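Below is one structure, written out as structure tokens, with a few remarks after it.
Order of the sequence lines fixes the chain letters, A, B, ..., with proteins taken first and strands second; residue numbering starts at 1 for each chain. Computed from a prediction, not measured in an experiment: that's the story for all the values here.
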Amino acid sequence: MKVIYNDGTVKECQKEEELHVMRHSAAHIMAEAIKRLFPDAKFAYGPATDKGFYYDVDLGEKKLSDADLMNIESEMKKIVKENQPIKPFTLTREEAVKYMSDEGEIYKVEHIGDLPEDAVISFYRQGEYTDMCVGPHMTYTKGLKAFKIVGQSGAYWKNDKNNKMLTRIKGIAFPSQQELDNYLTMLEEAEKRDHRKIGKEMGLFMMCDEAPGFPFFLPKGMALKNALIDYWREIHTREHYVEVSTPMIMNRRLWETSGHWDHYKDNMYSTVIDEETFCVKPMNCPGGVMVYRSEPHSYRELPMRVGELGLVHRHELKGALHGLFRVRCFTQDDAHIFMRREQITDEITNVVHLIDEVYTKFGFKYSIELSTRPDNSMGSDEDWEAATDGLKSALEKLGMPYTVNEGDGAFYGPKIDFHLEDSLGRTWQCGTIQLDFQMPLNFKLEYVDEKGERQRPIMIHRVCFGSIERFIGILTEHFVGKFPVWLAPTQVKVLLVSEKSAEYGQQVYESLRDAKVRVELDNRNEKVGYLIREAQTVERVPYMVIIGQKEVEDGTVSVRYRDTSKTETMTLEDFLNKIKTEIKDRV
RNA sequence: GCUGAUGUGGCUCAGUCGGUAGAGCGAUUCACUCGUAAUGAAUAGGUCGGGGGUUCGAAUCCCCCCAUUAGCUCCA
């Protein structure tokens, strides 16, 4: 594909650049279409994205309907058909400001002000539309082969919520209709993996209007959650963690000491008890700190690894709620590690290994971010620097690739975040490791060192799953509800070919139940094919045990596998041994 | 919180121009007693998210809430 640069040169662009250029030009073509339909529109940013493009536009009072979006799409098709040439030109800063001011493009004028002094200010024109842009672009509008407007949303100017909200019109674009269709099909497939849909089908959890953002775990979802927790306890015991449970509601005084009152007040629920304000915990750390402070400690006890499956509540904005991914109450698989300064690297290394072990177990790929000091934070520059260096050096020693997320740390310390992907490729923060010098200081935590002197410990806050709720959402999408046996809410379903074999079916069911297998008996009077269909495709049960006259006579079971649809006949004892081993080994 | 969309039996959805609701699945009952992805028939189930308003009459039109949803912002 030929592209034109802002100095007017035309050349073949790199293959990997093509899509990006095409999508960027698509944004310009959309802008031209919008301008034709809404001449008063003022344009802000209109970049290419990884799947398409968008343009943020100020439409004044005008609200776009779906019909408007369709009109924009049709107008774009016309512009493509007209095959307008796309041509660049440059202006001096003064000329550019004047030109954009004359056009009423206030956002472009502001943008020029943000550009560096020596920036070349270039424009691209196609047909009656001109956009300030560095390019490069396609040479003609006909280069845009396959696209679709997919929606609109609000978006703040420069992504700052203090600025005006503009209308973001979003499209997708591909080199061919076939690829566009494939992408749309992929979206449909992704929708089938959505944990909200699967959660409903499988009876894992529910939401109700009276409790927005506060999920209900149903018996099936609870079985899954408990299986995860059993696993969590096992590996944490192995790693010498102890477990505590701290109160849900504590006096405001405590939250003032911890700094939450100043830094997190808007997200905390509170209540009045005996005329004093109490807050519902949004984090577990102050509770963990109180546990540590309840008795004196020797350096010999450190590091102290104190775990807590803590249910926290946070007032999230209602527009941010999203299934189990973003809720207002969730269970953190938390732990606070109290340690000496020289233990930092070892402890962080251990935690990184533990998180890696957990994610690898489920076959997750993850990315790591290091988040540094935010604006609204407490503590000294030296402590922040030491803490940030501590995290950095641990990651570097481990050879873990990571990106830096400036200013995104917790208010009490920097953190390493682990991000997992959902079915649509959106990433969600799950695990996190936060290094904290502040909480020990605020609560005057101490230990006695080998010389008998009082020292201040350092704290790590860390989670593996992050939020068990979010993690279950990710797991559900990852496995499309087809959980491994050890996690599956129902591990075995006993299906009867006819009522004649009900008695033996009941015996098989009871044997499995006695062996602590999560088993159900489907004794509805239906054909076995019908029972299988539901067990396999809706309930996604890993093993279906089919009982008919043959099994009654031979004293065997016919086992159907969810993942292969294959069947195997074996003795009940063999099946019990097989499934018990699989559950125990968590394969 | 902001911008747009949506809200109809347990679930998925239809309902035209305003004339007081339909289907499929599921559930229940009956018949069949069946061999690895849907047996047939019958029955029950809804003040159409909530509250106001317009109208002789509202699921349908208007207003205000609530919830869900795609994003923005924010976050585990």
Base, sugar-phosphate, or nothing: which does [X] touch, judged by heavy atoms less than 4.0 Å apart?
X	answer
A:Glu201	nothing
A:Lys415	sugar-phosphate
A:Thr567	base
A:Val150	nothing
A:Glu534	nothing
A:Glu551	base
A:Asn525	base
A:Lys500	sugar-phosphate
A:Gly466	nothing
A:Val497	base
A:Arg168	sugar-phosphate
A:Gly151	nothing
A:Ser65	nothing

For [N], the Watson-Crick or wobble counterpart (both distances under 3.5 Å):
N	answer
B:rA59	none
B:rG22	B:rC13
B:rU54	none
B:rA27	B:rU43
B:rA38	none
B:rC75	none
B:rU3	B:rA70

Look at the side chain of [X] and the base of [N], then say whether one donor and one acceptor between them are separated by less than 3.5 Å.
X	N	result
A:Arg470	B:rC75	yes
A:Gln152	B:rU3	no
A:Ser558	B:rU36	yes
A:Arg314	B:rC75	no
A:Tyr156	B:rG71	no

Between [X] ([atom1]) and [N] ([atom2]), how many Å, whole number?
X	N	atom1	atom2	result
A:Leu64	B:rA70	CG	C1'	15 Å
A:His322	B:rG71	NE2	P	8 Å
A:Met207	B:rU69	CE	C1'	13 Å
A:Asn162	B:rC72	CG	C1'	13 Å
A:Arg196	B:rU6	CZ	P	18 Å
A:Leu531	B:rC34	CG	P	14 Å
A:Leu166	B:rC72	CG	P	14 Å
A:Glu210	B:rG49	CD	P	15 Å

Please tell me if [X] has a side-chain N or O lying less than 4.0 Å from either OP1 or OP2 of [N].
X	N	result
A:Arg560	B:rG35	no
A:Lys164	B:rU3	no
A:Gln429	B:rA76	yes
A:Lys170	B:rG71	no
A:Tyr543	B:rU36	no
A:Arg524	B:rU33	no
A:Asn159	B:rU73	yes
A:Lys200	B:rU12	yes

[X]/[Y] ion pair, N-O < 4.0 Å:
X	Y	result
A:Glu406	A:Arg373	no
A:Glu477	A:Arg196	no
A:Arg462	A:Asp334	no
A:Lys192	A:Glu189	yes
A:Glu534	A:Arg524	yes

[N] versus [M] - spacing of their [atom1] atoms, nearest Å:
N	M	atom1	answer
B:rC34	B:rU39	C1'	9 Å
B:rU68	B:rU12	C1'	16 Å
B:rG46	B:rG15	C1'	14 Å
B:rA42	B:rG35	C1'	28 Å
B:rC65	B:rU3	P	11 Å
B:rA44	B:rG22	P	14 Å
B:rG7	B:rG26	P	25 Å
B:rG4	B:rU73	C1'	16 Å

Counting heavy atoms from C-beta on, name the nucleotide in [options] closest to the side chain of [X].
X	options	value
A:Leu317	B:rG1, B:rC34, B:rC72	B:rG1
A:Asp408	B:rU73, B:rC75, B:rG35	B:rC75
A:Thr432	B:rU39, B:rA67, B:rA76	B:rA76
A:Ile546	B:rG35, B:rC2, B:rA38	B:rG35

Could you check whether the rings of [X] and [Y] sit parallel, tilted or perpendicular, using 30° and 60° as the cut-offs?
X	Y	value
A:Tyr366	A:Phe418	tilted
A:Phe411	A:His263	parallel
A:Phe465	A:Phe471	tilted

Could you tell me whether the side-chain ring of A:Phe330 sits stacked on the base of B:rA76, using a centroid cut-off under 5.5 Å and a plane angle under 30°?
yes
Residues A:Pro212 and A:Leu321: closest non-hydrogen pair is C-CD1, 4.0 Å
Compute whether any side-chain donor of one residue and acceptor of the other, for A:His419 and A:Gln429, lie under 3.5 angstrom apart.
no
